[in-house]
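Along the sequence shown, the residues carry numbers beginning at 1.
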Amino acid sequence: MSLTEHPLFDQMDLDTLCVQTIRTLAIDTIQKANSGHPGAPMGCAPMAYTLFDRHLRHDPSQPTWFDRDRFILSAGHASSLLYALLHLSGYPLGLDDLKAFRQWQSRTPGHPENHLTPGVETTTGPLGQGFAMAVGFAIAEAQLAARFNRPEYVLIDHHTYTLLGDGCMMEGVSAEAASLAGHLGLGKLIALYDDNGITIDGTTEIAFTEDVARRFEAYGWHTLRVSDGNNLTAIDAALSEAKAVTDRPSLILVKTHIGYGSPKFQDTSKVHGSPLGAEEIRKTKAFYGWPEDAHFATPKRAVEHLHQAIERGQKLSQAWNQRLEAYANQYPTEAAELRRRIAGELPEGWDHELPRFEAGQSIATRSAGAKALDALHPRLPELFGGSADLAESNKTWVKSSGTFSRNDRSGRNLHFGIREHAMGAICNGLALHGGLMPYGATFLVFSDYMRPAVRLGALSHAKAIWVWTHDSIGLGEDGPTHQPIEHLAALRAIPGFLLFRPADANETIEAWKLAVREKRPVGIALTRQNLPVFDRERCAPSSAVERGAYILDSDPNPKVVLIASGSETAIAMQALETLRAKGIAARVVNMFCSTLFDEQPQSYRDEVLPPTLAARVAIEAGCSWGWERYVGCCGRILALDHFGASAPDTVLYEQFGLTPEKLVEAALSVIES
């Protein structure tokens, strides 16, 4: 039975009616799917309702209104709570969408996905990452406010709220992000902590007994406690107090009961990730004072009250639009820039001052990348980022752009500290907030520390740019702990993600151009060691990288194809000259980005790698996995399927057989086979 009116509804005060509507919608949604996590929605409904009803500045009729408050459900398993709130608040998410929870092609997947559901700011589920992304959202708000606000026109002025649980608190990424947020004094970041003391394995006492409030106070956060998660007045007061604190982020610890109202499962791990079952739902609804046989009930009074968010939001967004128009009259250049950045458009001539490098030079691609960033920053004011304490090595610090700090929000360089995982998630938040084009940097081997964020960024369509330097054994004496082996292959395996490995300085410039234009997240793998700049009078132009792989140099009717990426492309070019001297026609194919190449028409791929030419050899200073797709069953791969060693880079390449001579030997063997 689907109800909008019932005598029991009339007996409840309005706030209670709204909270119980959210709870019952959440558990009905999960029960119909026979899958989901009812415990957190049942316990968190009062705080979520209080936030949405009394504090959140948003416009359900315009979910992407730019100056809206952002709400990020870090505890993404509680997605049915968010879907119920969005539906009841008037977002374009119908009751049929809730009934299709966790079903094929529905807009209500098991964990929130920002590109599927209106009102969902970011994809969450891997615990802690949503909280870290919220830090990125708050940084974005502060940086954009410093850039565009004027005393008489405040255009960027919103809060970022996040709801997280015990699992988020235990994950290391939340500690990294909280530490940085406290250091930066992000006063418009407010976290609601669902402190229910239960995880999948049992009570938190088995593994988690720290004083969370004191930990966050040590990070520099303002903390508050609400001892009863059903006390709307206390929650409301805590949110108001948190908003009044502007020099520190705030954490509100709300003591809740997981599975609140379930006679059998409340305060147990059983209610975390399994439907209650029809009989337990009946008893729970009786405890709520709800019609026991009412499924997906949306009481008229509750809907009318929560739908007031539409009118409130429209007034807010319309006032903002009028303020923007007035701002544009006085500050036309700034207004045009803001509108362009919100729309994700690039300015005219953004790539006009990029450097070019002459053949014969020897330049590390990380150094070429630095020159690209220096040239792009003045023309792309949305570029914003930094390094995980390796700016000098990554060469990603732009001296002309200032430092973003607690005391100066206008800077465009950010010290992430040694926090790779948080850097990844924060950059995803920066990207999804809008108005900025974030980048982050570290050594390629440390992409392992941030891989969960890289993956979630690809799933979220979060356009961040990653600069990963020291991309091979070419870094030399630091040894195998710092020499990436499996990393290139692992990153190429992420769907929706592009990994660029430029072969010389000019390709590095092209890599940055492509990264800026791309809508997908991009990683650029760069060398520590110098590489020769290819003669583009003799070779194909560096702009050919836009197709992923291309023929760098070739003889007519080649007998063998040498396929390489990054620093090993120079080795392939040397081998090509040796083969020519032996009278053997050959071709060098530069595999700049295998994903882009795989997306090309079959006719182009066959032109680069002719199906009839089976003699192929690939070379890369990394693991061999993935290269079999391009060399086929008759080809060979020169690679590293073992860890590196501590020695000068020239010695390592020699000892591991990644030399022109070994490549020629391999080429001759596949020709003869």
Side-chain angles (χ1 to χ4, degrees), residues 23 26-27 29-31 33-48 72-82 102 109-112 123-134 162-179 191-216 219 221 223 225-230 235 251-277 280 284 421-422 425 452-453 455-456:
R23 282 174 165 148
I27 60 178
T29 293
I30 292 165
Q31 186 62 32
N34 197 29
S35 173
H37 301 74
M42 295 163 74
C44 292
M47 74 171 95
I72 293 147
L73 183 66
S74 186
H77 55 277
S79 58
S80 61
L81 170 68
L82 179 55
R102 289 184 164 226
H111 290 79
T123 301
T124 56
L127 294 177
Q129 285 204 55
F131 173 76
M133 283 190 278
T162 181
L163 194 160
L164 64 158
D166 292 303
C168 294
M169 282 297 185
M170 293 187 213
E171 289 287 358
V173 66
S174 64
E176 294 180 20
S179 175
L192 290 158
Y193 170 27
D194 172 25
D195 184 11
N196 63 50
I198 297 292
T199 59
I200 293 174
D201 283 349
T203 71
T204 53
E205 293 294 320
I206 63 176
F208 187 60
T209 53
E210 68 187 44
D211 188 328
V212 172
R214 290 179 66 187
R215 170 158 68 101
F216 271 70
Y219 289 146
W221 285 59
T223 64
R225 294 180 186 270
V226 175
S227 60
D228 179 4
N230 288 311
I235 295 168
L251 174 70
I252 305 173
L253 299 91
V254 184
K255 196 64 181 175
T256 63
H257 295 279
I258 190 171
Y260 178 77
S262 168
K264 185 176 182 180
F265 298 127
Q266 179 179 312
D267 296 326
T268 72
S269 59
K270 299 294 185 183
V271 77
H272 168 78
S274 299
L276 296 177
E280 189 66 13
T284 302
H421 196 176
R455 180 183 185 273
L456 195 60

Would you say [X]'s side chain and [Y]'s backbone share a donor-acceptor pair under 3.5 angstrom?
X	Y	result
Q266	I258	no
S79	G110	yes
S74	F131	yes
R23	M42	yes
S179	E176	no

Indicate the atoms forming the closest heavy-atom contact of [X] with [Y], along with that distance.
X	Y	result
L73	A78	CD2-O, 3.5 Å
S80	T29	CB-CG2, 4.4 Å
M133	T123	CE-O, 3.4 Å
P263	T284	CD-OG1, 3.7 Å
G125	H111	CA-CD2, 3.5 Å
G130	I72	O-CG2, 3.5 Å

Could you give the distance from [atom1] ([X]) to [atom2] ([Y]), rounded to the nearest 0.5 Å?
X	Y	atom1	atom2	answer
T162	L192	OG1	CG	8.5 Å
K270	S262	NZ	OG	12.5 Å
S227	D195	OG	CG	11.0 Å

Compare all side-chain heavy atoms of [X] with those of [Y] and state whether any distance is below 4.5 angstrom.
X	Y	value
L276	V271	yes
L253	M169	no
P41	I27	no
C168	L127	yes
L82	L163	no

Sequence neighbours left out, what passes side-chain contact (heavy atoms from CB on, under 4.5 Å) with T204? Give chain and number order. D166, M170, T199, F208

Can you confirm whether I206 is buried at CD1, in the sense that more than 12 heavy atoms of other residues, nucleotides or ligands lie under 6.0 Å from that atom? yes

My understanding is that only residues two or more places apart in sequence, or in another chain, count here; which of them pass side chain to side chain donor-acceptor pair (under 3.5 Å) with [X]?
X	value
R215	E210, Y219
R102	S35, H37
T223	E217

Where at least one partner belongs to residues 252-261, residue pairs that pass side-chain hydrogen bond (donor to acceptor under 3.5 Å, both in side chains), sequence neighbours excluded: D194-T256, H257-D267

Assign the ring pair H77 / H272 to parallel, tilted or perpendicular, where the plane angle (0 to 90°) is split at 30° and 60°.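 If you compare the ring of H77 with that of H272, the planes turn out tilted.
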
Those residues at least two apart in sequence (or on a different chain) that pass salt bridge (Lys or Arg N to Asp or Glu O under 4.0 Å) with D201 are none

